[in-house]
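First comes the structure, then the notes that go with it.
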Amino acid sequence: MSHDHDHDHSEWSDMELKVKTLESLLVEKGYLDQAALDVIVETYEHKVGPRNGAQVVAKAWSDEGYLQRLRDNASAAIAELGFTGRQGEHMRVVENTAETHNMVVCTLCSCYPWSVLGLPPVWYKSAPYRSRAVSEPRKVLSEFDVILPKKTKIQVWDSTAEMRYLVIPMRPKGTQDWSEEKLANLVTRDSMIGTGVALLPEEVSP
Amino acid sequence: MNGPHDMGGMQCYGPVIPQKNEPLFHGEWEKRAMALTVGMGFCGQWNIDASRFARESLSPTFYLSKTYYQIWLHGLQNLMLERGLVTENELATGKMETHPVDVKRVVSSADMPAALAAGGPVEREPSQSATLSVGDRVTTLNIHPQSHTRLPRYARGKTGTIIAVHGCHVFPDTNALGEGENPQWLYAVQFDSRTLFGPDAEMGNTVVVDCWEPYLARA
């Protein structure tokens with residue numbers, strides 16, 4: 001599939017018109033409440049996004065009891081922080097270690113843990129990622145400038161069912177006395193998909 | 001269906017090019033396309049498996065040349081056309097010409113936050129206990145149904161190990177066709193990369209595929 005920025009302006013204005021036409025038809029037919037559509041946009045534009053997942057990871061790093069609850073029942077442990085809903089009904093966490101790096105893909109469509117990461121980026125839904133994440137993950141990681149030690153094995157999770165996977169990246173060194181709030185700033189979206197690692201303390205402004 | 005959506009292991013699409021500081025939406029229409037797709041799902045006229053099947057049934061040239069929200073929109077239009085919710089002419093003009101279908105529900109703006117937060121869980125009470133358990137060696141079936149399946153081509157006819165039992169989940173292969181939820185036990189099956197992709201794959205790497213029991217036989 002093509003990247004959004006490849007599309008020319010006329011195709012984009014056609015889409016604006018097409019979607020407006022469709023929306024007014026579906027509202028006129030009584031299938032949709034227009035204000036409810038605004039709520040959907042507002043939710044995924046401003047309320048649900050990767051800061052949710054970052055809070056989960058920061059808490060997992062800080063609180064051994066919470067980490068254990070995530071391992072036992074991730075959906076319930078994540079719901080403790082108020083993060084529930086569509087595309088996050090059945091959560092599981094996978095923990096990165098020096099031995100194993102986890103990485104998540106959906107080769108068949110675009111399954112992604114919305115409740116903790118929000119809507120997926122274009123590359124996650126793109127043919128290059130979906131085709132190669134399973135067959136040559138180390139090379140794909142290098143395209144994200146992630147170079148893992150040779151001895152680190154890669155385990156790729158293909159989201160073929162309704163299970164949604166959240167990667168817990170390794171906690172960076174030099175953060176022992178950091179608060180959860182401060183730790184969450186180190187947790188990038190890509191580090192929770194497994195196409196990135198957590199930021200180092202020197203990479204975030206104090 | 002062996003369609004263009006089943007991409008695992010293809011080698012023709014080039015490198016991954018993440019866009020720096022990618023915006024969440026690339027234009028107003030993407031926001032509305034997302035909301036229309038999610039919103040129409042609440043009408044209850046189809047399930048998530050049927051909507052995936054509608055997208056993967058689009059023509060390969062369309063599927064491979066359009067963006068994901070264009071695929072969503074086109075899939076949505078087909079779902080509505082097939083069920084008589086709209087007509088081709090209505091889609092072209094945007095004006096209502098036929099009586100609306102009675103949909104199962106229309107979520108109001110007041111109820112939408114709760115509806116989004118509730119989601120659509122697919123775990124069901126099992127009618128029998130799981131036949132397989134963690135550590136079992138299993139071989140996936142070599143199946144090529146014309147209809148919807150969630151067993152990717154690269155993982156068919158391959159032997160791996162069960163590493164988790166996820167519970168009893170709605171079975172997409174029947175649910176997509178409107179033939180019922182038919183809940184089945186779901187397992188995480190771990191495959192060695194070389195089993196899937198041959199001797200050029202990196203030794204030691206693994207791929208985990210979630211597989212329903214009807215996809216599996218004991219190895």
Side-chain angles (χ1 to χ4, degrees), chain A residues 1-5 7 12 15-16 19 21-26 28-33 35-41 43-45 84-86 88-90 107-110 119 121-123 125-131 134-135 137-138 140 143-144 153-158 160-163, chain B residues 5-10 13-19 22 24 26-29 31-33 35-36 38-40 43 52 64-68 85-86 90 94 96 100 103 106-109 112-113 116-117 119-123 150 152 154 166 169 186 197 201-202 204-210:
Chain A
M1 273 164 305
S2 60
H3 283 269
D4 292 73
H5 40 107
H7 288 259
W12 241 226
M15 289 310 300
E16 295 285 354
V19 172
T21 307
L22 183 61
E23 181 172 329
S24 65
L25 173 67
L26 299 179
E28 188 186 358
K29 294 201 95 164
Y31 301 145
L32 292 171
D33 171 349
L37 294 176
D38 298 337
V39 173
I40 298 172
V41 172
T43 301
Y44 292 106
E45 199 168 24
T84 61
R86 287 179 68 83
E89 295 92 342
H90 306 286
T107 63
L108 295 173
C109 54
S110 60
L119 300 172
V122 167
W123 62 258
K125 303 178 276 188
S126 74
Y129 186 72
R130 285 166 54 190
S131 58
V134 283
S135 54
R138 201 174 295 266
V140 168
E143 289 157 17
F144 288 87
K153 306 295 186 199
I154 304 172
Q155 175 144 286
V156 181
W157 299 77
D158 191 355
T160 51
E162 300 299 337
M163 300 302 303
Chain B
H5 65 288
D6 188 355
M7 292 180 167
M10 299 289 278
Y13 297 119
V16 183
I17 306 172
Q19 188 184 349
E22 182 188 329
L24 188 58
H26 307 72
E28 228 11 67
W29 75 266
K31 295 183 191 177
R32 305 313 284 184
L36 289 174
V38 171
M40 284 307 296
C43 292
R52 289 195 183 115
L64 293 172
S65 62
K66 299 297 179 184
T67 68
Y68 217 83
L85 270 69
V86 296
E90 287 177 328
M96 179 162 85
V103 296
V106 177
V107 178
S108 69
S109 60
M112 188 53 83
L116 291 172
V122 294
E123 189 167 4
R150 295 293 287 181
Y154 75 83
H166 291 311
H169 285 216
L186 179 70
F197 299 108
E202 194 180 333
N205 289 348
T206 46
V207 178
V208 180
V209 180
D210 288 331

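These values consider heavy atoms only, across backbone and side chains, with no hydrogens, waters or symmetry-generated copies. Below, read A as the first sequence line, B as the second, and so on, with proteins coming before strands; counting in each chain starts at 1.
Atom OG of A/Ser131 sits about 11.0 Å away from atom CG of B/Asp6, to the nearest 0.5 Å. With rounding to the nearest 0.5 angstrom, the CD atom of A/Glu28 is 8.5 Å from the CD atom of B/Glu90. In this structure, CZ in B/Arg150 is found 8.0 Å from CG in A/Asp158, a value given to the nearest 0.5 Å. Here B/His5 contributes atom NE2 and A/Leu108 contributes atom CG; the two are 5.5 Å apart, rounded to the nearest 0.5 Å. Note that OH of B/Tyr68 is 3.5 Å distant from OG of A/Ser110, once rounded to the nearest 0.5 Å. Rounding to the nearest 0.5 angstrom, the gap separating the OG1 atom in B/Thr206 from the CH2 atom in A/Trp157 is 8.0 Å.
Only the side chain of B/Leu186 comes within less than 4.5 Å of a heavy atom of chain A; its backbone N, CA, C and O stay farther away. For A/Val41, the parts sitting under 4.5 Å from any heavy atom of chain B are the backbone and the side chain alike. Interface remark: A/Thr43 contributes side-chain atoms only to the contact with chain B (heavy atom separation under 4.5 Å). At a 4.5 Å heavy-atom cutoff, the contact between A/Tyr44 and chain B is made by backbone and side-chain atoms alike. For B/Val103, the part lying near chain A is the side chain, with the backbone staying farther off; criterion is any non-hydrogen pair under 4.5 Å. Contacts between A/Leu26 and chain B at a heavy-atom distance below 4.5 Å involve the side chain alone, from C-beta outward. When heavy atoms are compared at a cutoff of 4.5 Å, B/Glu123 approaches chain A by way of both its backbone and its side chain. Of the atoms belonging to B/Leu116, heavy atoms from both backbone and side chain fall under 4.5 Å from chain A.
Across all their heavy atoms, B/Tyr13 and A/Pro128 have their closest contact at O-CG, 3.2 Å. Here the closest heavy-atom approach between residue A/Asp33 and residue B/Val106 is recorded as N-CG1, 4.1 Å. A pairwise comparison of heavy atoms in A/Val122 and B/His26 identifies CG2-CE1, 3.4 Å as the closest pair. Of all heavy-atom pairs between B/Gly9 and A/Ser135, the closest is CA-OG, 4.0 Å. Taking all atoms of both residues into account, the shortest heavy-atom contact from B/Asn205 to A/Pro137 is ND2-CG, 3.8 Å. Residues B/Asp210 and A/Ala161 share a closest heavy-atom pair of CB-CB, 3.7 Å.
Looking at B/Leu36 and A/Leu32, their side chains come closer than 4.5 Å, going by heavy atoms from C-beta outward.
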Q: Before giving the answer on side-chain contact (heavy atoms from CB on, under 4.5 Å), spell out for B/Val122 and A/Glu89 the whole-Å C-alpha distance, their side-chain angles and the decisive distance to 0.1 Å.
A: CA-CA 8 Å; B/Val122 294; A/Glu89 295 92 342; over 6 Å; no
Q) side-chain contact (heavy atoms from CB on, under 4.5 Å) between B/Leu24 and A/Leu119: does it pass, once the steps are laid out? A) CA-CA 8 Å; B/Leu24 188 58; A/Leu119 300 172; 4.1 Å; yes
Q: In sequence, state the C-alpha distance, the side-chain angles, and the governing distance for B/Trp29 and A/Trp12, and then conclude on side-chain contact (heavy atoms from CB on, under 4.5 Å).
A: CA-CA 8 Å; B/Trp29 75 266; A/Trp12 241 226; 3.5 Å; yes
Q: Report the C-alpha distance between B/Val208 and A/Gln155 in whole Å, list the side-chain angles of each, state the deciding distance to 0.1 Å, and finish with yes or no for side-chain contact (heavy atoms from CB on, under 4.5 Å).
A: CA-CA 7 Å; B/Val208 180; A/Gln155 175 144 286; 3.5 Å; yes
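Comparing B/Met96, B/Met112, B/Met10 by heavy-atom pairs within less than 4.5 Å of chain A, the highest count is held by B/Met96. The candidate from B/Ser109, B/Ala33, B/Gly94 with the greatest count of non-hydrogen atom pairs under 4.5 Å with chain A is B/Ser109. Heavy-atom pairs under 4.5 Å with chain B were tallied for A/Glu143, A/Lys153, A/Arg86, A/Glu16; the largest tally goes to A/Glu16. Of the listed residues B/Cys43, B/Pro152, B/Ala201, the one with more heavy-atom pairs under 4.5 angstrom with chain A than any other is B/Pro152. With respect to chain B, the highest number of heavy-atom pairs below 4.5 Å among A/Pro121, A/Gly88, A/Gly30 belongs to A/Pro121.
B/His169 and A/His90 have tilted rings, their planes meeting at an angle from 30° to 60° on a 0 to 90° scale.
Here B/Arg52 pairs with A/Glu162 in a salt bridge; the nearest charged N to carboxylate O distance falls below 4.0 Å.
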